[in-house]
Amino acid sequence: MEPAQYEQLTAEQAITYQQELRHQIKLEPLNKPVRIIAGSDISFNKYSEVVYAGIVLLKYPEMEIIGHATAISRTTFPYISGLLAFREVPALLEAWNKLEIKPDVLVLDGQGIAHRRRMGIASHFGVITNTPTIGSAKSRLFGRYEEPANEPGSQSPMYDRDEVIGIALRSKKNCNPIFISPGHKVTLEQSVEVIKNCLKSYRIPEPTRQAHILVNKVRVENSSNNSGIQQFDLFS
DNA sequence: GCGACAG
DNA sequence: ATCTTGTCGC
């Protein structure tokens, strides 16, 4: 199924589709060393169907920005906990297709396999694009965990029954932890290692933090003109 | 039925 | 997610 058709799905059909996609997830070690990493995010105005998607490319582990791509799209698929991918993936894919260079791994703002059906947005995007992905969420969606110690680097596993599906990581002292889980084509251990190497002095890892800054800038610069799509002035 | 609930 | 000023704590 094409992401452009997600709009037509009912919540029930979306769940059925997740059940099919979950069988395609491969949590294997990364093929090659990470040289380029990317972060993605979405932004939108409240009550608006217009969504601003963006992906930022950075050198790893320097975290130097080397490029980006954005896309302005629309969606009517509502935000439903557990079905986030159906609302955000279509726009993210548009930005993804505009990238001049594809990263060795992509970090998405949300869960990977730390999801009831193991199909968080990171796993979903990774499977349909056949790309290594990592989920880095600001809050928990699913899974049980013990609060990690209040010390940078402290972590504790997230469980579904007796299965480890992610880790709660204290990325910064006195800040709530972030939730890391592999999306596709990467292991949980590598996911944690990569994210740790992406941390600066902020709670959020650089790829996702920069993507967030980018999409908000694009939104503010574009939502002033009522069209929702790129506007060009004839002559000037 | 009640509480939880990525962005 | 977005709307928003000040304010508490390290």
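Side chains are part of it too, since the values below use all heavy atoms of this structure and drop only hydrogens, waters and symmetry mates. Order of the sequence lines sets the chain letters (A, B, ...), proteins ahead of strands, with each chain counted from 1.
Screening residues 79-102 of chain A for side-chain hydrogen bond (donor to acceptor under 3.5 Å, both in side chains) gives A:Ser73-A:Glu94 as the qualifying pairs, with residues at least two apart or on separate chains. For residues 16-31 of chain A, every residue pair satisfying the side-chain hydrogen bond (donor to acceptor under 3.5 Å, both in side chains) rule, not counting sequence neighbours, is listed here: A:Gln18-A:Arg117. Here salt bridge (Lys or Arg N to Asp or Glu O under 4.0 Å) pairs that include residues 45-70 of chain A, with residues two or more places apart or in two chains, are A:Glu49-A:Arg74, A:Lys59-A:Glu64.
Annotation: ring pair (Phe, Tyr, Trp, His ring centres under 6.0 Å) contacts of A:Phe77 (sequence neighbours excluded): A:Phe86. With sequence neighbours excluded, the residues forming a salt bridge (charged side-chain N to carboxylate O under 4.0 Å, His left out) with A:Arg170 are A:Glu147, listed by chain and number. Partners of A:Phe179 according to the ring pair (Phe, Tyr, Trp, His ring centres under 6.0 Å) rule, which considers only residues two or more places apart in sequence or in another chain, are A:Tyr145.
Backbone-only engagement by A:Asn216 is indicated by non-hydrogen atom pairs under 4.0 Å involving sugar-phosphate atoms exclusively.
DNA chain C contains no stems of three or more consecutive Watson-Crick or G-U pairs with both distances under 3.5 Å. For DNA chain B, no stem formed by at least three consecutive Watson-Crick or G-U pairs, with both atom-pair distances below 3.5 Å, is detected.
When DNA chain C is scanned 5' to 3' for any atom under 4.0 Å from a heavy atom of chain A, the first and last hits are C:dA1 to C:dC10. Contact footprint of chain A on DNA chain B: nucleotides with an atom under 4.0 Å from a non-hydrogen protein atom, first to last in 5' to 3' order, B:dA4 to B:dG7.
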Listing, residues 35-45 of chain A side-chain donor-acceptor contacts under 3.5 Å, not counting sequence neighbours, or none:
from: A:Ser43; atom 1: OG; to: A:Asn216; atom 2: OD1; distance (Å): 3.1
from: A:Ser43; atom 1: OG; to: A:Arg219; atom 2: NE; distance (Å): 2.7
from: A:Asn45; atom 1: OD1; to: A:Arg219; atom 2: NH1; distance (Å): 2.8
from: A:Asn45; atom 1: ND2; to: A:Ser223; atom 2: OG; distance (Å): 3.4

Taking distance alone, no hydrogens or angles, what donor-acceptor pairs closer than 3.5 Å link side-chain atoms of residues 192-199 of chain A to residues at least two apart or in another chain?
from: A:Lys196; atom 1: NZ; to: A:Gln155; atom 2: OE1; distance (Å): 3.2
from: A:Asn197; atom 1: ND2; to: A:Tyr60; atom 2: OH; distance (Å): 2.7
from: A:Asn197; atom 1: ND2; to: A:Glu193; atom 2: O; distance (Å): 3.3

